[in-house]
There are 2 protein chains.
Amino acid sequence: MKISNKPTVTAQDVARLAGVSRAVVSRALSNNGSVSPQSRARVEAAARQLGYQVNFLAQGLNRQRSQLIGVVVARLTDPFRSTLVNALLSAIQARGYQALVTEITDEQETGLSLRRFVQFRVSGVIVTSGQPPESIVRECIEHHIPVVGINRAQSGPSMDVVCSDNQAGAMLAASQLRKAGCQSFIWLNYQGSTWAGRARGEAFHHALAEKGIALRELQATQDGYEGGFLAAQRHDLLPRQATTGVFCANALLACGFLDGMRQQGKNAPTDFHLIGFDNTPQTAWESYQLTTIHQQVDVLAAKALDCLHERAKHPELAARVIPVAVELVHRRTSPCTTEQTGTL
Amino acid sequence: MKISNKPTVTAQDVARLAGVSRAVVSRALSNNGSVSPQSRARVEAAARQLGYQVNFLAQGLNRQRSQLIGVVVARLTDPFRSTLVNALLSAIQARGYQALVTEITDEQETGLSLRRFVQFRVSGVIVTSGQPPESIVRECIEHHIPVVGINRAQSGPSMDVVCSDNQAGAMLAASQLRKAGCQSFIWLNYQGSTWAGRARGEAFHHALAEKGIALRELQATQDGYEGGFLAAQRHDLLPRQATTGVFCANALLACGFLDGMRQQGKNAPTDFHLIGFDNTPQTAWESYQLTTIHQQVDVLAAKALDCLHERAKHPELAARVIPVAVELVHRRTSPCTTEQTGTL
DNA sequence: TTGAAAGCGATACCAT
DNA sequence: ATGGTATCGCTTTCAA
């Protein structure tokens, strides 16, 4: 088969066919500046006829800004991450942008990703993993590229953050476990946890401390499902005299922990109560039916984009932290209590 | 906080500082053409000093090609998809490219995505979901942009395809189930399945037909976990007189089916045998321990990129289908049989 | 409203 | 080896 070498159609070609100048073509197609109705019609006809497509590279070069939005993510195989990225992609495309995605395997790479994004003159950057060095965030800002983090610590004055309400999540969990009659509490997290995990732990700690209750911290030595599974191997987890409520930093840990306990012959909610974070699809599966704190990924995504948009217009604004509400999803590992009296 | 308006550093600035021309800067930094060692050193020093970063938009415009690779994906929340995309991102970045990812919610959108990719002058396109219209693939080819599909039907003469060996997978499944003593067979697939699912079903059918064995087709009315779960609700699935072997088109269906059967009080491998496809992380979880056909996502990703690379050099080559080996992972829903004599 | 022209920033060819 | 220059394709003043 012969490959035809049909040359690219440029605005010049459209102009020629429409009998106008390239300037008019540009204005007509981008709805910028004024064009007479008849010129516009002729341009549109010509463009359609030739199958003209704007060259985004040239457009971006000229405008000093591409229709690209950079997204940094790590371990996309984590179901929560992929759910979040999925929501981000939808939101990004719905607003007419394209996602430039980089996967990092190491926190250090975040900075390199941002640099790369600058080189593409992206319209904004969304960081879902890793903590970019303040200096590199500033490089972005100097190029008028807004940066927003999702579910991470606010670092420095240049990056906005959209964050699920970890406090509220921890409160909901504490409240539910107490209503369910738990008197002994465990907080399970990976020892090398991300900031979000630690924040949830602290909030859980505080929520209980307010009631004068202490909790036990269980550190998983691995991340993810395996970490939770192994953490459940310890034999001194469930005291005889009190029902134990376990709160996990994320869904994978929770699933692993549940399976680990079952292997020990213990199950929820009979032998203990269990609440996770994230509400990933698997937590709803029949084998788990995990009570969990739901994160509204679509809201996180939407607010992140709003944030980029606003900051592009007002670069001088102080960095903000935008909270997103979470919800408690009642499932079997800590069923809904009928009593409505809990005050926590 | 004041936002400094530091102007962008261009090759011109580097040239000035290094006391050479822009041309030399370009050559030195891209290792193209010849530059004296001392010039090179001065350029590199100047570039570092100024923090110079190539503008990829300008570079791409000039070279008619960006360091971008377009990836089309649907339903990233499916664990197999996110695993695959994860592997693709790694491979793409390892080769010095950046991934431009578009999510489609409808097969129709594939074409639009490809068009968008052309506008960014990507170096290649990888389609993991949807079937692009041949006409649009040709548009890409005319722009010298190679297109490769992963796990899909070869459509038309312009698109290469990298594909897990569905035949082999089905054979492995059939062989395992027979060795395990199954005499009755079920093929479970979503009724609106993708091409890959259907291909697996046909291959399973053939593998059994060769031995004169018929199979029963079970059509899930929904996709994913729920589809499998609901499919298991039918009460006539397991005949009394023979052990039944079930093969599922993908991992989600298999997990759902297993949970559905358990709800009926039936479990694998005691009441039936079950094999899935994909080997997603969840199939290894303790609650499932699904015997499954493993897809080597990293190999799929690597071959896809090889493909793009080769085709960029030889656009006239006939479209190829590149098979990737699959492996049977023995787990509990159809344990490894010790006998070594089975010939299928 | 329209068109001419000056960039945007980098690259590659072609003399030197 | 080096530098001048045309070029990639589009956008946006600025005059007319």
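Source: prediction; values computed, not measured.
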Please give me the minimum heavy-atom distance between [X] and [Y], naming the atom from each residue.
X        : Y        : result
A:Pro132 : A:Met159 : CG-SD, 4.0 Å
B:Ala15  : B:Ser21  : CB-C, 3.6 Å
A:Val43  : A:Val20  : CG2-CG2, 3.9 Å
A:Lys303 : A:Pro323 : NZ-O, 4.4 Å
A:Cys307 : A:Arg320 : SG-NH2, 3.4 Å

Can you list, pair by pair, the side-chain donor-acceptor contacts under 3.5 Å of residues 59-76 of chain B, counting residues two or more places apart and other chains?
residue, atom, partner, partner atom, Å
B:Arg65, NH2, B:His143, O, 2.9
B:Arg65, NH2, B:His144, O, 3.3
B:Ser66, OG, B:Leu68, N, 3.4
B:Ser66, OG, B:Phe120, O, 2.9
B:Ser66, OG, B:Arg121, O, 2.9

Review point. Contact class for A:Phe56 vs. all strands (heavy atom < 4.0 Å): base, sugar-phosphate, or nothing?
Key: nothing
Check your understanding: Using a heavy-atom cut-off of 4.0 Å to chain A, what are the terminal contacting nucleotides of DNA chain D, in 5' to 3' order?
Key -> D:dG9 to D:dT13
Review point. Can you name the ring pair (Phe, Tyr, Trp, His ring centres under 6.0 Å) partners of B:Phe80, sequence neighbours left out?
Key: none
Review point. Between B:Val20 and B:Asn62, who's closer to the 5' end of DNA chain D by nearest nucleotide?
Key: B:Val20
Review point. Toward the 5' end of DNA chain D, which comes first, A:Tyr52 or B:Arg40, by nearest nucleotide?
Key: B:Arg40
Check your understanding: For B:Val324, does its backbone N or O pair with a side-chain atom of B:Gln296 as donor and acceptor, under 3.5 Å?
Key -> no
Review point. What is the distance from atom CD1 of A:Ile92 to atom CG of A:Leu305, rounded to the nearest 0.5 Å?
Key: 5.5 Å
Practice item. Could you grab the distance from atom CZ of B:Arg95 to atom OG of B:Ser90, nearest 0.5 Å is fine? Key: 11.5 Å
**Study point:** Start and end of the DNA chain C segment that chain A contacts, any atom under 4.0 Å from a heavy atom
**Key:** C:dT1 to C:dG9
Review point. How large an angle, rounded to 10°, do the end axes of the helix from C:dT1-D:dA16 to C:dT16-D:dA1 enclose when each is built from five base pairs?
Key: 40°
Exercise for review: Quickly, which of B:Glu142, B:Arg311, B:Glu134 forms a side-chain hydrogen bond (donor to acceptor under 3.5 Å, both in side chains) with B:Ser158? Name it, please.
Suggested key: B:Glu134
Check your understanding: Can you name the one residue among B:Ile126, B:Asp306, B:Leu300 that meets side-chain contact (heavy atoms from CB on, under 4.5 Å) with B:Val162?
Key -> B:Leu300
Practice item. For the pair B:Glu109 and B:Ser113, evaluate side-chain hydrogen bond (donor to acceptor under 3.5 Å, both in side chains) and give the outcome as yes or no after the intermediate values. Key: CA-CA 6 Å; B:Glu109 298 172 46; B:Ser113 286; over 6 Å; no
Review point. Which of residues 23-39 of chain B have a heavy atom under 4.0 Å from DNA chain D?
Key: B:Ala23, B:Val24, B:Arg27, B:Ser34, B:Val35, B:Ser36, B:Ser39
